[in-house]
There are 2 protein chains.
Amino acid sequence: MESVKINQNIKVAVDAIVFGYSNNALHVLLVKQKFGALKNNWVLAGGFVKDGETLYEAINRELREEAGIQVTYLEQLYTFGDDIHRDPRGRVISVAYFALLNSTELKLSADTDAKDAKWVPLDKIPKLGFDHNQIIQVAYERLKSKLTYQPIGFDLLPKEFLFSDLENLYCNILQKQIDRRNFRKKILSFGLLEETEKFSSEKTGRPAKLFKFNKKKYNKLHKEGFNFEIKFA
Amino acid sequence: MESVKINQNIKVAVDAIVFGYSNNALHVLLVKQKFGALKNNWVLAGGFVKDGETLYEAINRELREEAGIQVTYLEQLYTFGDDIHRDPRGRVISVAYFALLNSTELKLSADTDAKDAKWVPLDKIPKLGFDHNQIIQVAYERLKSKLTYQPIGFDLLPKEFLFSDLENLYCNILQKQIDRRNFRKKILSFGLLEETEKFSSEKTGRPAKLFKFNKKKYNKLHKEGFNFEIKFA
DNA sequence: TCAAAAGTGTTGAGTTTACACCCATGC
DNA sequence: GCATGGGTGTAAACTCAACACTTTTGA
């Protein structure tokens with residue numbers, strides 16, 4: 001490919017903030033920086049984009065290489081490039097991605113690029129390298145607002161889940177109290193959940209039905225103008 | 001500044017899609033490309049980011065240089081970097097910005113970078129260079145959805161405007177019919193418009209009150225959790 | 001006096017909120 | 001039989017949708 005004949009010395013990176021939900025708490029994927037000035041600092045998964053690679057390919061490669069995961073939801077979040085000194089290595093802009101991981105997949109196989117990778121509860125995130133704490137903040141705001149108008153909560157739960165898990169997820173992430181009856185009524189009114197024949201009896205008390213989210217049906221309805229929307233008192 | 005020691009040959013550009021509203025129609029700012037392979041093609045205002053410049057500074061500079069305008073609303077839209085060949089000059093990613101311009105400011109002083117600049121009604125946009133038609137599409141979707149949950153319509157109107165202008169703007173941009181009475185009731189119920197003592201009698205028929213949008217009050221309410229939201233039948 | 005746009009209320013339907021008791025299981 | 005979480009209905013308040021006539025001006 002012909003090279004652009006301008007003098008520009010800006011590098012392009014991608015970073016992913018991956019949310020996972022386990023033990024009734026929202027977690028963020030962190031990796032340990034293996035090289036460079038911030039070696040051994042905890043940061044978000046990410047790295048430089050290769051010349052022949054799309055941004056989308058780059059972020060998926062980094063997730064694979066640094067944590068061995070394949071996320072269930074991925075969208076571009078924001079491009080951070082207004083702090084010229086955000087990266088000590090020089091001028092780097094970062095295209096940040098917002099990702100969710102199904103909680104049945106919360107295992108890691110860290111190897112290639114990062115010395116280590118781990119899930120950290122959102123309220124226990126240490127001071128990270130670069131501007132990654134700020135990126136997490138932006139991503140968390142996005143998560144909260146999306147939860148109310150897009151059915152992304154299901155991307156954080158196992159394929160089959162309890163109603164109480166869903167309810168807990170909303171309570172926890174939005175930090176609000178929810179009326180159990182109204183919440184259930186509202187969610188069920190969409191007709192997007194399917195009861196399974198299975199029950200969970202892992203907890204004490206009355207066994208609970210397991211539900212599945214019908215994503216195909218949602219996609220179909222969404223094309224026809226349906227909007228998933230949940231409000232709270 | 002120390003240069004990053006990786007081999008990457010990707011350039012970073014910013015592009016702005018600026019919407020303006022005049023003569024009851026939504027317009028987009030286009031400029032004529034002055035240099036390069038796409039010379040004389042119409043494109044969005046934009047260009048390469050300079051090394052010592054933030055993205056925000058870059059986009060403002062381009063708007064000033066290419067069209068001599070200062071927009072009333074500006075936010076990052078999306079970063080286009082998934083088509084490796086989107087720019088014939090080589091690998092370029094573009095951080096696109098979404099901008100609105102108050103319709104009293106719809107004059108242009110094109111000079112420095114672009115041979116020409118003009119406002120084109122959205123439904124008469126020609127085939128543009130790069131992937132700019134696609135960027136406009138994404139921006140238009142953003143505009144439509146933001147109109148329903150953020151008071152950005154006012155950024156497209158003069159400081160003092162008629163209720164019918166506002167109504168028309170919503171009808172036109174969203175391509176929906178609106179019940180005048182319900183619309184007025186809803187907007188007034190927010191308590192964010194102030195009547196002025198002035199009347200417009202530029203049209204035939206009964207003179208109409210001029211209104212002002214109280215942005216300070218909106219910002220205050222918004223911080224307290226208020227949400228501007230308009231739905232249509 | 002006519003044409004053109006501005007201004008204005010009410011009613012029924014639907015949605016949202018608030019709220020408390022019984023059920024099924026394991027120990 | 002008791003502790004634990006699961007499951008359920010109703011009434012009042014509010015919001016939304018539908019709908020048409022009167023007012024003011026200029027020509």
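Heavy-atom basis, side chains included; hydrogens, waters and symmetry copies ignored. Convention: sequence-line order gives letters A, B, ...; per-chain numbering from 1.
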Undergrad: Could you state the CZ-C1' distance from A:F232 to C:dT16, rounded to the nearest angstrom?
TA: 13 Å
Undergrad: Would you find more than 12 non-hydrogen atoms of other residues, nucleotides or ligands less than 6.0 Å from B:Y56 atom OH?
TA: no
Undergrad: Between B:S164 and C:dA5, is there a side-chain N or O to OP1/OP2 distance below 4.0 Å?
TA: no
Undergrad: Once you round it to whole Å, what is the distance between P of C:dG7 and CG of B:L193?
TA: 12 Å
Undergrad: Between C1' on C:dG9 and CG on B:N182, what's the gap in Å once rounded to a whole number?
TA: 11 Å
Undergrad: Would you indicate what A:K209 reaches in the nucleic acid, counting non-hydrogen atoms under 4.0 angstrom: base, sugar-phosphate, or nothing?
TA: sugar-phosphate
Undergrad: Just the rounded figure in Å: distance from C1' of C:dT17 to CD1 of A:I178.
TA: 14 Å
Undergrad: To the nearest angstrom, how far is B:R184 atom CZ from C:dA6 atom P?
TA: 9 Å
Undergrad: Taking CD from B:E167 and C1' from C:dT8, how many angstroms apart are they, rounded to a whole number?
TA: 13 Å
Undergrad: Give the C-alpha distance, both sets of side-chain angles, the deciding distance and a yes or no for ring pair (Phe, Tyr, Trp, His ring centres under 6.0 Å) between A:F154 and A:F161.
TA: CA-CA 9 Å; A:F154 305 106; A:F161 54 88; 5.6 Å; yes
Undergrad: When every nucleotide of nucleotides 21-27 of chain C is labelled 5' to 3' by its protein contacts under 4.0 Å (heavy atoms), B for base, S for sugar-phosphate only, - for none, what sequence of letters results?
TA: --BBB--
Undergrad: Would you sort out whether A:Y73 and A:F19 count as a side-chain contact (heavy atoms from CB on, under 4.5 Å), showing the intermediate values?
TA: CA-CA 10 Å; A:Y73 183 88; A:F19 287 114; over 6 Å; no
Undergrad: Whether B:K215 and B:D155 form a salt bridge (side-chain N of Lys/Arg under 4.0 Å from carboxylate O of Asp/Glu) is what I want to check.
TA: yes
Undergrad: Taking atom NZ as the centre, does B:K146 end up with more than 12 heavy-atom neighbours from other residues, nucleotides or ligands that are less than 6.0 angstrom away?
TA: yes
Undergrad: OP1 or OP2 of C:dT16 sitting under 4.0 Å from any side-chain N/O of A:K186?
TA: yes
Undergrad: Check this for me, if you would: do B:R142 and B:E75 make a salt bridge, where the nitrogen-to-carboxylate-oxygen distance has to be below 4.0 angstrom?
TA: yes
Undergrad: Taking the six-membered ring for Trp, are B:Y78 and B:F80 ring centroids under 6.0 Å apart?
TA: yes
Undergrad: Report the distance from atom CD1 of A:I230 to atom P of C:dT15, rounded to the nearest whole Å.
TA: 15 Å
Undergrad: When the distance from CD1 of A:I187 to P of C:dT16 is rounded to whole Å, what number comes out?
TA: 12 Å
Undergrad: B:K32 versus B:N40: any side-chain heavy-atom pair under 4.5 Å?
TA: yes
Undergrad: Assign each of B:K231 and A:F211 to its nearest nucleotide of DNA chain D by heavy atoms, then name whichever residue's nucleotide is nearer the 5' end.
TA: A:F211
Undergrad: Provide the start and end nucleotides, 5' to 3', of the part of DNA chain D that has atoms under 4.0 Å from heavy atoms of chain B.
TA: D:dC16 to D:dT25
Undergrad: Measure centre to centre between the rings of B:F190 and B:F226, then say whether the value is under 6.0 Å.
TA: yes
